[in-house]
Amino acid sequence: MTTLPKTYDFKNTEERIYKMWEEGGYFKPLNDPNEPEHDPTKKPYVLTIPPPNVTGKLHLGHAMFVSMEDLMIRYHRMLGIPTLWVPGSDHAGIATQLQVENALREEGTSREEIGREKFLERTWAWKEEYGSHITNQIRRLGASCDWSRERFTLDDDLQQAVREAFVRLYEEGLIYRGPRLINWSPGLKTAVSDLEVEYAEEQGKLYHFKYMIALDQTPEVSDAYIPVATTRPETILGDTAVAVHPDDERYNKYIGMKAIVPILDRQIPVVADDYVDLEFGTGALKITPGHDPNDYEIGQRHNLEIISVLDKHAKVNQHGGPYHGQDRFEARDNLWADMKAAGLVIKEEEYIHQVPRTQRGGEIVEPMVSTQWFVDIKPLAEKALQAVRNGRIKVVPERFKKIYYNWLENIRDWCISRQLWWGHRIPVWYCDDCDEQTVAREDPTECTHCGSKNIQQDPDVLDTWFSSGLWPFSTLGWPKDTPDLQYFYPTTMMETGYDILFFWVARMIMMSLEFTDDIPFSEVYLHGLIRDEHGRKMSKSYGNVIDPLEVMDELGTDALRFTLLVGSTPGNDMNLSLKKVEANRNFANKIWNATRFILGNLEGITAPKQDNPGWTLADSWIWARQRSLKTTVKRLFENYQYGEAGRQIYDFFWNEFADWYLEIAKLQLAEGGDRAFYTAQALVPLLDTCLRLLHPFTPFVTEELWQHLKEATLKSPLSSIAENWPEVLMVAPWPEPVDTEGWEDQAIADFTLVQNVVRAIRNLRAEKNVKPGTRLPATFAAGAATPIIESQAETIAALGKLDASRLSIQESLAAKPEDHIALVVGPVEVYLPLAGLVDVAKERARLKKDLAKAQSQIERLEKLLASPFTEKAPEHVVQAERDKLASFKETATKLEEQIANLS
RNA sequence: GGGCGCGUAGCUCAGCUGGUUAGAGCGCGUGGAUCACAACCACGAGGCCAGGGGUUCGAGUCCCUUCGCGCCCACCA
């Protein structure tokens with residue numbers, strides 16, 4: 001009697017198993033460099049987790065990378081390689097700060113009100129309270145990270161790493177500070193990098209108006225003007241030129257003259273610049289160097305004045321004349337109305353254009369001139385390009401290399417300062433007395449230039465991605481030369497979503513090459529994004545968000561993991577539906593029940609009388625199939641085709657092992673004696689291998705079952721099989737492919753014939769509505785297959801519900817039995833006495849249909865074999881086709897006989 | 001404006017280096033409480049692999065092209 005419940009109860013399993021693993025120390029790497037017996041020549045497999053936001057909540061993106069990385073780690077661990085997966089979390093500057101600010105707002109206060117120091121205290125408290133949520137949720141997914149090495153981007157060590165990185169770049173002249181046009185987020189009141197700005201097509205307006213030429217310069221025409229169009233009229237307030245194309249005959253007569261800014265009446269030059277597109281819009285351009293990146297560049301070329309007209313709230317400042325104090329959109333309307341009144345408006349038209357919004361806050365980004373810190377990134381980018389170009393870093397799927405190259409080749413300096421409070425404070429101190437900067441690894445007490453104590457640290461913090469860029473080596477101890485860094489660095493694999501290729505992957509490569517003079521990892525695997533079942537983005541407003549925690553609660557972690565792993569192909573998005581997870585929950589249950597069956601049968605097994613297994617055809621077949629599976633899975637794993645590998649194992653387990661072999665094993669076990677023993681002797685390693693192969697995909701159910709299997713095996717006469725098994729499945733050796741021994745193909749071919757005979761019988765029974773309980777006698781004319789059919793008679797009888805005591809098996813029959821329905825399966829004819837059910841007309845039709853199928857195949861194959869195919873294709877391919885032809889011919893002949901016999 | 005991906009059964013998707021009669025899950029139809037599993041079993045229906053052209057003995061797979069959908073990058077007022 002088995003003690004296992006009828007269905008897999010993941011709720012009662014997952015936590016217990018995870019605890020067992022963690023307490024057993026199995027998440028820690030073998031060959032730890034901090035231990036005395038460490039062998040530095042053993043190459044480890046190392047993966048660093050993409051750190052989730054410390055106060056974030058688990059979403060499917062996390063579930064995806066945890067599943068995938070855990071698969072990679074568990075696989076390599078089972079290969080016996082020292083394996084390290086470094087976990088941790090990111091302080092996530094803006095995201096976390098916003099959460100705390102929201103909390104403060106609910107309390108009726110704000111960060112400005114409580115001040116920087118109090119605010120940081122609050123945020124740390126928030127981090128302490130919620131920071132463990134995300135890591136606990138990652139544990140629930142089964143992540144086998146080494147939690148003893150967990151890191152947080154604001155840990156002291158990592159702060160030190162950030163300092164070191166900043167100071168080094170500064171010393172090398174690769175960090176500079178200065179006024180530049182940057183993307184300003186008026187809501188967050190901080191600068192953001194180019195990457196943090198998202199463009200979306202939106203309906204807007206294109207405003208056409210007149211740029212009047214100053215009267216004294218065109219005395220002959222009193223109303224000379226250049227027509228100009230803009231989508232942002234409020235920027236008119238900051239215009240410092242009007243640009244026309246030098247070859248534009250309409251306007252080039254005005255070049256060098258002055259135009260008058262509407263309402264403000266400032267005079268600005270008309271300049272010539274071939275950036276202006278003659279064909280587009282009015283063919284003339286207003287130039288606002290203070291609020292537009294293109295205009296900024298044109299401004300540089302023509303030495304134009306830069307006027308900022310907006311403050312940090314995006315309200316019009318003192319340069320905006322009558323609009324001072326108005327919000328940018330309010331000013332837009334008011335200015336336009338005033339211009340209309342002044343007769344300067346030509347028209348406004350509906351216009352769809354790209355609107356920049358911040359990734360976080362969502363409001364429209366304002367290009368503004370602001371003094372910020374920048375990284376001179378080109379020198380770093382050059383090395384990062386090299387590392388991928390020369391193959392030191394491998395990218396999977398390869399097509400992302402092109403995207404990576406394109407981005408790095410056109411990269412622009414990286415604005416790294418943020419006007420936030422939560423993050424790594426910029427390690428620069430300004431001297432009130434001599435105005436010099438002190439940049440230091442340790443907090444200075446005085447100015448290094450004049451010794452003054454009147455120094456103030458820069459109030460800004462660094463872009464979150466600055467510290468994330470150091471992650472693979474900062475987590476291992478850099479800048480200290482720790483044993484971990486020496487042994488585990490460079491890491492092996494970086495697995496993440498393709499959406500952060502630029503944000504993160506490229507920056508890690510750049511910073512690693514710069515600071516460690518080495519690559520951060522040798523492989524990059526990019527997975528796709530997860531969408532809903534119809535391919536739509538998951539979003540709260542659609543209401544189509546799937547919460548992985550709920551899925552795990554309802555269907556189990558293994559089901560979710562298997563779905564994510566098997567449903568995706570590298571780099572491609574996947575559509576997730578709960579139906580799929582349900583199907584995989586069923587699969588977990590299938591594994592459960594198959595094991596349950598085997599365990600139940602181990603109990604009655606007794607030691608064999610004879611030392612000779614005498615393997616059955618089914619035994620040989622399933623062995624051969626599993627050997628082939630191991631080879632296939634290995635190949636697929638080596639090619640990063642994890643999903644396909646999972647599908648192969650699934651198919652083998654369900655369709656071959658459970659549906660066919662276990663059904664036959666029942667018969668063999670029922671025979672008792674040695675047959676039962678040897679069947680069990682096959683079942684245990686077969687199941688063991690399946691559980692091992694499945695373990696990286698579905699760790700919980702496989703570990704749980706394997707523990708039971710191990711226990712039951714050790715208690716049985718088969719204990720020697722399990723003698724050397726380790727304590728837990730997660731460190732059990734991976735089933736490596738073995739060389740074929742020559743017998744496999746024949747076993748597979750023979751068993752396939754048995755399957756086809758059984759299927760044909762079942763099919764006919766179903767078609768003729770034979771009652772499920774009815775045991776039919778049968779006559780076989782098996783030709784060359786007679787030995788197989790004879791030896792497999794009992795199996796065929798059991799699976800096809802034939803009466804085993806009334807079977808007649810012969811090579812050929814002198815006369816066809818009457819009132820029988822005949823089935824033709826390759827060389828085998830099966831006669832079933834369905835006298836009452838024989839409808840001659842229907843029978844003829846059925847046989848003719850089969851014959852037609854066979855004949856069309858014969859025709860196809862004869863044509864094929866008469867073509868150059870025979871000479872050009874490899875011999876085994878040709879032979880396979882010849883064999884097929886022979887088999888179809890045999891079938892056709894038999895079918896013809898049957899048809900003739902009917903009448 | 002550049003670049004990339006996708007288009008295979010009613011739905012969601014596999015199909016790796018080109019080599020049987022193209023697969024799975026769900027859905028659909030028929031039958032089934034058989035002692036692992038009804039979260040199951042057996043049987044079945046359902047596909048000019050988006051269209052066209054090419055390379056090849058052989059193309060869902062490689063190349064070109066058209067159409068449709070999606071995404072990324074880019075400074076067009």
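Computed over heavy atoms, backbone and side chain alike; hydrogens, waters and symmetry mates excluded. To find a chain, count down the sequence lines: A is the first, B the second, and so on, and within it residues start at 1.
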Regarding A:Ser887 and A:Glu890, is there a side-chain donor-to-acceptor distance under 3.5 Å anywhere?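 Judged by distance alone, the side chains do not pair up.
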Considering residues at least two apart in sequence or located in another chain, which fulfil the ring-ring contact (aromatic ring centres under 6.0 Å, His included) criterion with [X]?
X: A:Tyr498; result: A:Phe400
X: A:Phe503; result: A:Trp465
X: A:Tyr8; result: A:Trp592
X: A:Trp336; result: A:Tyr207

Measure [atom1]/[X] against [atom2]/[N] and give the value in whole Å, please.
X: A:Glu881; N: B:U20; atom1: CD; atom2: P; result: 8 Å
X: A:Tyr650; N: B:G23; atom1: OH; atom2: P; result: 17 Å
X: A:Asp573; N: B:A14; atom1: CG; atom2: P; result: 10 Å
X: A:Glu663; N: B:A36; atom1: CD; atom2: P; result: 8 Å
X: A:Leu599; N: B:C37; atom1: CG; atom2: P; result: 13 Å
X: A:Asn601; N: B:C37; atom1: CG; atom2: C1'; result: 14 Å
X: A:Lys771; N: B:A33; atom1: NZ; atom2: C1'; result: 17 Å
X: A:Arg531; N: B:U12; atom1: CZ; atom2: P; result: 14 Å

Qualifying salt bridge (charged side-chain N to carboxylate O under 4.0 Å, His left out) pairs with a residue from residues 571-585 of chain A, counting only residues at least two apart or across chains: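 Checked against salt bridge (charged side-chain N to carboxylate O under 4.0 Å, His left out) - neighbours excluded - the pairs reaching residues 571-585 of chain A are A:Arg531-A:Asp573.
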Please list, pair by pair, any protein nitrogen or oxygen found under 3.5 Å from a nitrogen or oxygen in nucleotides 40-45 of chain B.
from: B:C40; atom 1: OP1; to: A:Asn586; atom 2: ND2; distance (Å): 3.1
from: B:C40; atom 1: O3'; to: A:Lys590; atom 2: NZ; distance (Å): 3.2
from: B:C41; atom 1: OP1; to: A:Lys590; atom 2: NZ; distance (Å): 2.9
from: B:C41; atom 1: OP1; to: A:Trp654; atom 2: NE1; distance (Å): 2.5
from: B:C41; atom 1: OP1; to: A:Asp659; atom 2: OD1; distance (Å): 3.4
from: B:A42; atom 1: O3'; to: A:Arg762; atom 2: NH1; distance (Å): 3.4
from: B:G44; atom 1: OP1; to: A:Asn763; atom 2: ND2; distance (Å): 3.2

Distance between the [atom1] atoms of [N] and [M], in whole angstroms?
N: B:C6; M: B:A14; atom1: P; answer: 9 Å
N: B:G68; M: B:G51; atom1: P; answer: 16 Å
N: B:G19; M: B:G60; atom1: C1'; answer: 13 Å
N: B:C72; M: B:A9; atom1: P; answer: 27 Å
N: B:G47; M: B:U8; atom1: P; answer: 14 Å
N: B:C40; M: B:A24; atom1: P; answer: 16 Å
N: B:G7; M: B:C49; atom1: P; answer: 14 Å
N: B:G58; M: B:A22; atom1: C1'; answer: 15 Å

Looking at [N], which nucleotide sits across from it as a Watson-Crick or G-U wobble partner, both distances under 3.5 angstrom, or is there none?
N: B:U17; answer: none
N: B:C4; answer: B:G70
N: B:G44; answer: B:C28
N: B:G60; answer: none

Between the base of B:A39 and the side chain of A:Arg585, is there a donor and acceptor pair under 3.5 angstrom?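 Checked by distance alone, the answer is yes.
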Does any N or O donor sit under 3.5 Å from an N or O acceptor when you compare the side chain of A:Glu644 with the base of B:A24?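 It does not, because no donor-acceptor pair links the side chain of A:Glu644 to the base of B:A24 below 3.5 Å.
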Sort me out a list of protein N/O and nucleotides 56-60 of chain B N/O pairs below 3.5 Å, or just none if empty.
from: B:C57; atom 1: OP1; to: A:Lys872; atom 2: NZ; distance (Å): 2.7

Let me know, please, whether A:Leu662 or A:Asn655 comes out on the 5' side of the other along RNA chain B by nearest nucleotide.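 Mapping each residue to its closest nucleotide by heavy atoms, the 5'-most match is A:Asn655.
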Pick the nucleotide of RNA chain B nearest each of A:Asn593 and A:His876; which residue has the one closer to the 5' end?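 Taking each residue's closest nucleotide, the earlier one in sequence belongs to A:His876.
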Student check: side-chain heavy atoms of A:Val581 and A:Leu576 closer than 4.5 Å: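 A:Val581 reaches A:Leu576 side chain to side chain.
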Just compare B:A14, B:C26, B:A38 and give me whichever is closest to any side-chain atom of A:Lys6.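 For the A:Lys6 side chain, the nearest candidate turns out to be B:A38.
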OP1 or OP2 of B:A36 sitting under 4.0 Å from any side-chain N/O of A:Thr595?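 Result: no.
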Residues forming a side chain to side chain contact (heavy atoms under 4.5 Å, CB included) with A:Gln354, sequence neighbours excluded: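 Result, side chain to side chain contact (heavy atoms under 4.5 Å, CB included) vs A:Gln354: A:Tyr199, A:Glu201.
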Main-chain N/O of A:Met538 paired to A:Asp532 side chain as donor or acceptor, under 3.5 Å: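 Judged by distance alone, no pair lies under 3.5 Å.
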Does A:Pro227 offer a backbone N or O that forms a donor-acceptor pair with the side chain of A:Thr282 under 3.5 Å?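 Yes; judged by distance alone, with no hydrogens or angles, the pair exists.
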What's the verdict on side chain to side chain donor-acceptor pair (under 3.5 Å) for A:Ser193 and A:Glu196, showing C-alpha distance, side-chain angles and the deciding distance? CA-CA 5 Å; A:Ser193 74; A:Glu196 290 164 282; 3.0 Å; yes
Show each protein N/O and nucleotides 62-65 of chain B N/O combination with a separation under 3.5 Å, one pair to a line.
none

Within a reach of under 6.0 Å around NZ of A:Lys401, are more than 12 heavy atoms found that belong to other residues, nucleotides or ligands?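 Buried by this count: over 12 neighbours within 6.0 Å.
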Distance-minimising heavy-atom pair for A:Ala241 and A:Ile268: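 Shortest heavy-atom contact: N-CD1, 3.5 Å.
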Check: residues 648-655 of chain A side-chain donor-acceptor pairs under 3.5 Å, at least two apart:
from: A:Gln648; atom 1: NE2; to: A:Glu644; atom 2: OE2; distance (Å): 3.2

Between protein and nucleic acid, restricted to nucleotides 4-11 of chain B and to nitrogen or oxygen atoms under 3.5 Å apart, what atom pairs and distances do you find?
from: B:C4; atom 1: OP1; to: A:Lys402; atom 2: NZ; distance (Å): 2.7

Review item, nucleotides 73-77 of chain B N/O atoms under 3.5 Å of protein N/O:
from: B:C75; atom 1: O4'; to: A:Asn294; atom 2: OD1; distance (Å): 3.1
from: B:C75; atom 1: O2'; to: A:Asn294; atom 2: OD1; distance (Å): 3.4
from: B:C75; atom 1: O2'; to: A:Asn294; atom 2: ND2; distance (Å): 2.4
from: B:C75; atom 1: N1; to: A:Asn294; atom 2: OD1; distance (Å): 2.9
from: B:C75; atom 1: O2; to: A:Tyr275; atom 2: OH; distance (Å): 3.1
from: B:C75; atom 1: O2; to: A:Asn294; atom 2: OD1; distance (Å): 3.0
from: B:A77; atom 1: OP2; to: A:Tyr351; atom 2: OH; distance (Å): 2.8
from: B:A77; atom 1: O2'; to: A:Ala229; atom 2: O; distance (Å): 2.0
from: B:A77; atom 1: N7; to: A:Phe280; atom 2: O; distance (Å): 3.4
from: B:A77; atom 1: N6; to: A:Asp277; atom 2: O; distance (Å): 2.5
from: B:A77; atom 1: N6; to: A:Phe280; atom 2: O; distance (Å): 2.8
from: B:A77; atom 1: N1; to: A:Asp277; atom 2: N; distance (Å): 3.3

Aromatic plane relationship, A:Tyr642 with A:Tyr640 - under 30° parallel, 30 to 60° tilted, over 60° perpendicular: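 The rings of A:Tyr640 and A:Tyr642 stand perpendicular, inter-plane angle above 60°.
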By the 4.0 Å heavy-atom rule, please label A:Ala658 as base, sugar-phosphate, or nothing.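 Base contact - A:Ala658 has a heavy atom under 4.0 Å of at least one base atom.
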Indicate, with a heavy-atom threshold strictly under 4.0 Å, whether A:Ser856 touches base, sugar-phosphate, or nothing.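 A:Ser856: no heavy atom of the nucleic acid under 4.0 Å.
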